[in-house]
Amino acid sequence: MTGTYLPDAFATHKVEAMLKLLRLDPLDDEQWDFLQSETTQDLQAAPGSGKTTLIGLKLALMADAWTSVTCGVCVLSHTNTAKNEIADRVASLAAGRSLLRYPHFIGTIQSFVHTFFALPAVRAKGIEVRAVDDAAFETAALRLLQHPDYVTLRNYLERRHNGTSIVSGATFTYRGGKLAVTGAAKEPSFGPETPSGKQLSSLKQTLAWQGVFRYQDMYAIAQRYLAENPGIIPAVSARFPFVLLDEMQDTSVTQHELLDLVFASSPTVVQRVGDTNQGIYSDAGAASEPALAFPLAGAAELPVSRRFGPKIAALASCLTVRRPQQIHGAGPDGQVAVLLFDEATAIDVVSTFERMAAAIVPEDVLLIGCLI
Ligand SMILES: Nc1ncnc2c1ncn2[C@@H]1O[C@H](COP(=O)(O)OP(=O)(O)OP(=O)(O)O)[C@@H](O)[C@H]1O
């Protein structure tokens, strides 16, 4: 990559100085490799192997060496918690703070899609966005369903168990160049050309004109916007010559396809980091189709955990079901405890963990943990 940051951004002496500044221990070989890598790659990182630490370190080094005033680094994560953790890390360093401003972008995938594609698309139609929120949509949709225009749909749904969920979860899906209206998780039991199908579509369109959307709608709107305005793709990929994707294991197929559409055939360097064995969604929703899989074959690995020792690492290795990984424990050897729960007992997990921690962890350590 030329012209956007200094070529010695990841030089050994700079990394060592940053490690000292951040009071980090020396990196292991795999951590060095990822830190200094400047090409597109996937990184399969075991729990506690330092992915968050490395992303923070890498961003601090990039911020220090960044020269472009129009192109930036794009850092995307799945949750606001992960995004805030990254933003807090870069904000704690004077050089890093520049990454929180234009031309850089640190945010969730959802906010990236909103900012660059979906909101411009909606505004271009003269619509003022009032809410992108599933709960707000549900309230507005169920209220609108009471209008006489939707009597056929309402009568149909009232005869069905949980029928109104079709309306409260009515979602745009980009299909065949158009926005189709589907249920949140499954297709409605009536076709789009039936009287109920036409009323559902009309209700959804009415709410769209009022500026009330579900989160998922934004992806379909973005897909249509890019299909109708393909020139946006090179403009956005040129704006971000370096993309870091965190929590990659939780990326849905739709999110994955959109990011691929924007960056995959551009010169942008895309580094995807995550732990497929810590994925929180079932395979049906996650990026698990062969062509979309994370990590791709040949991905680099961070197999050494600094959070726990060999005993827990051995057990955790047995749980790496999606992609077998031999985890090495370089942290403190804790006590192994496995909590098994189902839906009915899930509510007891936190209090059980607290009881066990209180019995095992010395009180002064627990107090320090609370203060932090
Ligand atoms: N080079 C290093 N020097 C000192 N501590 C490190 C280093 N690398 C990682 N750690 C420590 O190891 C622990 C785990 O690191 P981190 O939270 O970055 O891992 P992670 O892979 O993001 O974890 P998770 O799987 O929970 O998301 C932290 O306490 C972190 O400070």
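Nothing here was measured: the structure is a model prediction, and the numbers come from that model. Any value given below was found using the heavy atoms of this structure, including those in side chains, with hydrogens, waters and symmetry copies removed. The residues of the chain are indexed from 1 along the displayed sequence.
- Taking all atoms of both residues into account, the shortest heavy-atom contact from V15 to Q36 is CG2-NE2, 4.5 Å.
- Annotation: side chain of L93 is in contact with side chain of L22 (closest heavy-atom distance under 4.5 Å).
- You'll find the side chain of L245 stays beyond 4.5 Å of the side chain of F294, heavy atoms only.
- The main-chain N or O of L296 is found under 3.5 Å from a side-chain atom of D42 such that the two form a donor-acceptor pair.
- The only option from Y219, F112, Y225 that meets the ring-ring contact (aromatic ring centres under 6.0 Å, His included) definition with F117 turns out to be F112.
- Counting heavy atoms from C-beta outward, Q223 and T254 have side chains that approach closer than 4.5 Å.
- Here the NE2 atom belonging to H328 is positioned 11.0 Å from the OG atom belonging to S305, to the nearest 0.5 angstrom.
- The shortest heavy-atom contact between A118 and A222 is N-CB, 4.3 Å.
- Salt bridge annotation for D275-K51: absent, with no cationic side-chain nitrogen under 4.0 angstrom from a carboxylate oxygen.
- In this structure, K198 forms no cation-pi arrangement with F190, as its terminal cationic atom is not both closer than 6.0 Å to the ring centre and no more than 45° off the ring axis.
- Closest approach of Q31 to L27, counting heavy atoms only: OE1-CA, 3.4 Å.
- The only option from T108, T81, T52, T79 that meets the side chain to side chain donor-acceptor pair (under 3.5 Å) definition with E247 turns out to be T79.
- No side-chain heavy atom of Q216 sits less than 4.5 Å from a side-chain heavy atom of D134.
- Under the 3.5 Å distance criterion, with hydrogens and angles disregarded, no donor-acceptor pair is assigned to the side chains of R323 and Q249.
- The closest donor-acceptor contact from the side chain of T164 to the backbone of V167 lies at 3.5 Å or more, if one exists at all.
- Counting only heavy atoms from C-beta outward, the side chains of Q110 and K83 never approach each other to under 4.5 Å.
- Counting all heavy atoms, side chain and backbone alike, L119 lies closest to M218 at CD2-SD, 4.4 Å.
- No single ILVMFWY cluster, assembled from side-chain heavy atoms under 4.5 Å apart, contains both I360 and I312.
- Taking F240 as the reference, F116 meet the ring pair (Phe, Tyr, Trp, His ring centres under 6.0 Å) condition, with sequence neighbours excluded.
- For S201 (side chain) and G197 (main-chain N/O), no donor-acceptor pair under 3.5 Å exists by modelled atom type.
- Remark: the backbone N or O of D33 is not paired with any side-chain donor or acceptor of S37 at under 3.5 angstrom.
- Atom-to-atom distance recorded for L24:CG and K20:NZ is 13.5 Å, nearest 0.5 angstrom.
- For Q335, the CD atom counts as loosely surrounded, since its 6.0 Å shell holds 12 or fewer non-hydrogen atoms of other residues, nucleotides or ligands.
- Listed for the W66 side chain is a donor-acceptor partner under 3.5 Å among the backbone atoms of C71.
- Between the R224 side chain and the Y174 main chain, no donor and acceptor come within less than 3.5 Å of each other.
- Taken from CD1 in I106 to CG in L99, the straight-line distance is 5.0 Å, to the nearest 0.5 Å.
- Closest approach of P188 and G183 over heavy atoms only: CD-N, 3.8 Å.
- With hydrogens and angles disregarded, no donor-acceptor distance shorter than 3.5 Å links the side chain of T173 to the backbone of A180.
- To the nearest 0.5 Å, atom NE2 of residue H147 and atom CG of residue L145 are 11.5 Å apart.
- Side-chain atoms of Y5 and E38 form a donor-acceptor pair, as typed in the model, at a separation below 3.5 Å.
- Hydrophobic clustering (side-chain heavy atoms under 4.5 Å, transitive across Ile, Leu, Val, Met, Phe, Trp, Tyr) groups M62 together with L100.
- V151 and L207 are members of different hydrophobic clusters when ILVMFWY side chains are connected at heavy-atom separations under 4.5 Å.
- Side-chain contact between D133 and Y215 is present, with heavy atoms from C-beta onward closer than 4.5 Å.
- Connection of V212 to V113 is not established within any shared hydrophobic cluster, with ILVMFWY side chains joined at heavy-atom distances below 4.5 Å, either directly or through further cluster members.
- A side-chain donor-acceptor contact under 3.5 Å links R97 to the backbone of A91.
- Taking hydrophobic clusters as Ile, Leu, Val, Met, Phe, Trp and Tyr residues chained together by side-chain heavy-atom distances below 4.5 Å, L19 does not share a cluster with V304.
- Side-chain contact annotation: S189 with Y156, donor-acceptor N/O pair under 3.5 Å present.
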For this session: Tell me, with the steps shown, if R89 and E85 meet salt bridge (charged side-chain N to carboxylate O under 4.0 Å, His left out).
Result: CA-CA 6 Å; R89 276 175 195 244; E85 190 168 351; 3.4 Å; yes
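- Note: R322 CZ to Q278 CD = 11.0 Å, rounded to the nearest 0.5 Å.
- Note that the CG atom of L6 and the NZ atom of K14 stand 5.5 Å from one another [nearest 0.5 Å].
- Listed here is the closest heavy atom pair of G50 and L302: C-CD1, 4.5 Å.
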